[in-house]
Amino acid sequence: MVITDICSILWSDLVTLKRRWARYLITTLMSPLLYLMAFGWGLGRGINMNGMSYLEFVIPGIIALTAMNASFNGAGIRLNVDRLYFRSFDESLMAPVSDVSLLIGRSMIGMVRGLISSSVFVMLALAIAPSMHIEPVFLLILLITCMTFASMGVLAALLARSHEDMATFSSLILMPMTFLGGTFFSLSQVPEWLRLVLYILPLTHSSACLRAAALGQPVPWSSFIAIIMFMSVFLVTGRMALRRISE
């Protein structure tokens with residue numbers, strides 16, 4: 001029953017996404033393509049990073065960034081609008097669906113959207129850097145990354161009391177992660193104390209894992225475990241917030 005309920009919640013969004021997939025891809029891929037042109041082909045031209053071109057270094061980070069933004073917005077913004085604008089989320093709370101099914105189903109909406117956006121960007125990146133290794137471990141890390149940030153989006157939407165709260169969350173949490181999460185630079189270039197602080201950010205671990213997998217290097221499994229721990233914390237906290245709302 002839990003799986004059936006989750007699929008029902010996810011299916012309703014897939015029907016909507018099917019009608020708007022072209023517009024969705026254009027809007028979600030605009031930022032990563034601009035980052036690629038500005039940093040990969042612009043500022044990073046001629047720069048070497050640990051024996052590789054800066055373009056090869058930055059592409060996995062942009063993939064992680066794309067997964068973060070698309071998954072967070074796909075789950076969080078949609079839930080925020082349904083809950084505070086359309087008030088349709090109240091009907092979901094009254095439906096004969098468990099809170100676990102509702103939470104995971106809403107998170108999987110963002111996960112699927114994140115996978116679609118990041119997968120399309122991966123295909124574009126392979127045309128630019130064909131030496132990238134897209135293996136099962138890379139896809140697994142990408143899947144966990146999308147689910148992690150989708151569950152973060154659901155948690156933020158459940159805690160938000162207005163649309164401005166979501167914008168504030170994006171400015172205070174997502175924006176710093178975008179530029180400090182090891183996406184555009186190597187953490188070996190920053191002081192050790194700052195490096196420890198940056199490892200608090202989930203995007204730092206996602207960027208490290210995806211970069212290692214894409215470049216054929218040993219995956220830092222400690223970071224992979226950290227991503228799973230972040231996802232678990234977001235899901236557990238999201239369930240607590242959902243129960244508070246439904247009471």
S.K.: Any chance you could measure Leu210, atom CG, to Ile62, atom CD1, to the nearest 0.5 Å?
M.R.: 12.5 Å
S.K.: Find out if a path of hydrophobic residues (ILVMFWY) with successive side-chain heavy-atom gaps under 4.5 Å connects Met94 to Val97.
M.R.: no
S.K.: Going by heavy atoms in the side chains, are Thr148 and Ser206 under 4.5 Å from each other?
M.R.: no
S.K.: Can you list the residues that meet the side chain to side chain donor-acceptor pair (under 3.5 Å) rule with Ser162, with sequence neighbours excluded?
M.R.: Glu164
S.K.: Would Met111 and Ile144 count as a side-chain contact (heavy atoms from CB on, under 4.5 Å) if you check the C-alpha gap in whole Å, the side-chain angles of each, and the deciding distance to 0.1 Å?
M.R.: CA-CA 9 Å; Met111 183 194 72; Ile144 299 297; over 6 Å; no
S.K.: Within a strict 4.5 Å, meaning less than it, do heavy atoms of the Leu155 and Met240 side chains meet?
M.R.: no
S.K.: Taking all heavy atoms of Leu33 and all of Phe121, pick out the closest pair and write down the distance.
M.R.: CD2-CE1, 4.1 Å
S.K.: If you take all heavy atoms of Leu158 and Ile245, which pair is closest and at what distance?
M.R.: O-CD1, 3.4 Å
S.K.: Determine the minimum heavy-atom distance between Val219 and Ala212, stating which atoms define it.
M.R.: CA-CB, 4.0 Å
S.K.: As an exercise, state the distance from CG of Leu201 to OG of Ser207, rounded to the nearest 0.5 Å.
M.R.: 10.0 Å
S.K.: Verify the distance criterion only: is there a donor paired with an acceptor across the side chains of Thr168 and Ser171 at less than 3.5 Å?
M.R.: no
S.K.: Does atom CE of Met52 have more than 12 heavy-atom neighbours, drawn from other residues, nucleotides or ligands, at distances under 6.0 Å?
M.R.: yes
S.K.: To the nearest 0.5 Å, what is the distance between CD1 on Ile128 and CD on Glu56?
M.R.: 11.5 Å
S.K.: Are any of the side-chain heavy atoms of Arg106 and Ser151 separated by less than 4.5 Å?
M.R.: no
S.K.: May I ask you to decide if the ring planes of Trp221 and Phe224 are parallel, tilted or perpendicular, using 30° and 60° as cut-offs?
M.R.: perpendicular
S.K.: Please report the shortest heavy-atom distance between Ala213 and Ile141, naming the atom on each side.
M.R.: CB-CD1, 4.2 Å
S.K.: With distance as the sole test, does Asn73 use its side chain to make a donor-acceptor pair with the main-chain N or O of Asn69 at under 3.5 Å?
M.R.: yes
S.K.: Sequence neighbours left out, what passes salt bridge (Lys or Arg N to Asp or Glu O under 4.0 Å) with Arg83? Give chain and number order.
M.R.: none
S.K.: Membership question, hydrophobic clusters at under 4.5 Å side-chain separation (ILVMFWY): are Leu139 and Phe149 in the same one?
M.R.: yes
S.K.: Tell me, do Tyr35 and Phe184 make a side-chain contact under 4.5 Å, heavy atoms counted?
M.R.: yes
S.K.: Before you tell me yes or no, could you show the steps for Thr16 and Arg78 under side-chain contact (heavy atoms from CB on, under 4.5 Å), namely the whole-Å CA-CA distance, both residues' side-chain angles and the distance that decides it to 0.1 Å?
M.R.: CA-CA 12 Å; Thr16 303; Arg78 184 172 177 82; 3.9 Å; yes
S.K.: To the nearest 0.5 Å, what is the distance between CD1 on Ile116 and SG on Cys146?
M.R.: 10.0 Å
S.K.: How many angstroms lie between CG in Leu124 and OG1 in Thr66, if you round to the nearest 0.5 Å?
M.R.: 10.0 Å
S.K.: Taking the side chain from Thr204 and the backbone from Leu198, do they hold a donor-acceptor pair closer than 3.5 Å?
M.R.: yes
S.K.: Do His133 and Leu215 have side chains that approach each other closer than 4.5 Å (heavy atoms only, starting at C-beta)?
M.R.: no
S.K.: Write down the atom of Leu25, the atom of Val120, and the distance for their closest heavy-atom approach.
M.R.: CD2-CG2, 4.0 Å
S.K.: Among residues two or more places apart or on two chains, list those pairs meeting side chain to side chain donor-acceptor pair (under 3.5 Å) that have a residue in residues 113-129.
M.R.: Asp13-Arg113, Tyr24-Ser117, Thr28-Ser117
S.K.: Would you kindly confirm whether Ile228 and Val236 end up in one hydrophobic cluster when ILVMFWY residues are joined by side chain heavy atoms under 4.5 Å apart?
M.R.: no
S.K.: Taking all atoms of both residues into account, what is the closest heavy-atom pair of Met147 and Ser107, and its distance?
M.R.: CE-CB, 3.6 Å
S.K.: Answer whether the closest heavy-atom distance between the side chains of Leu36 and Leu55 falls below 4.5 Å.
M.R.: yes
S.K.: What residues form a salt bridge (Lys or Arg N to Asp or Glu O under 4.0 Å) with Arg195, not counting sequence neighbours?
M.R.: none
S.K.: For the CZ atom of Arg243 and the CG atom of Leu93, what is their distance to the nearest 0.5 Å?
M.R.: 13.0 Å
S.K.: Would you say the side chain of Leu242 lies within less than 4.5 Å of the side chain of Phe89, judging by non-hydrogen atoms?
M.R.: yes
S.K.: Among pairs that include at least one residue of residues 150-178, which meet ring-ring contact (aromatic ring centres under 6.0 Å, His included), considering only residues two or more places apart or in two chains?
M.R.: Phe72-Phe169
S.K.: I'd like to know if the side chain of Arg239 reaches the main chain of Asp99, judged simply by a donor and an acceptor atom lying under 3.5 Å from each other, with no hydrogens or angles considered.
M.R.: no
S.K.: Between Thr237 (side chain) and Phe234 (backbone), is there a donor-acceptor pair under 3.5 Å?
M.R.: no
S.K.: Using side-chain heavy atoms (C-beta onward) and a distance below 4.5 Å, is Met132 in contact with Ile63?
M.R.: yes
S.K.: Which residue pairs satisfy the side chain to side chain donor-acceptor pair (under 3.5 Å) criterion with at least one member in residues 180-194, sequence neighbours excluded?
M.R.: Ser186-Ser188
S.K.: Is there a path of hydrophobic side-chain contacts, each under 4.5 Å between heavy atoms of I/L/V/M/F/W/Y residues, joining Val2 to Leu103?
M.R.: yes
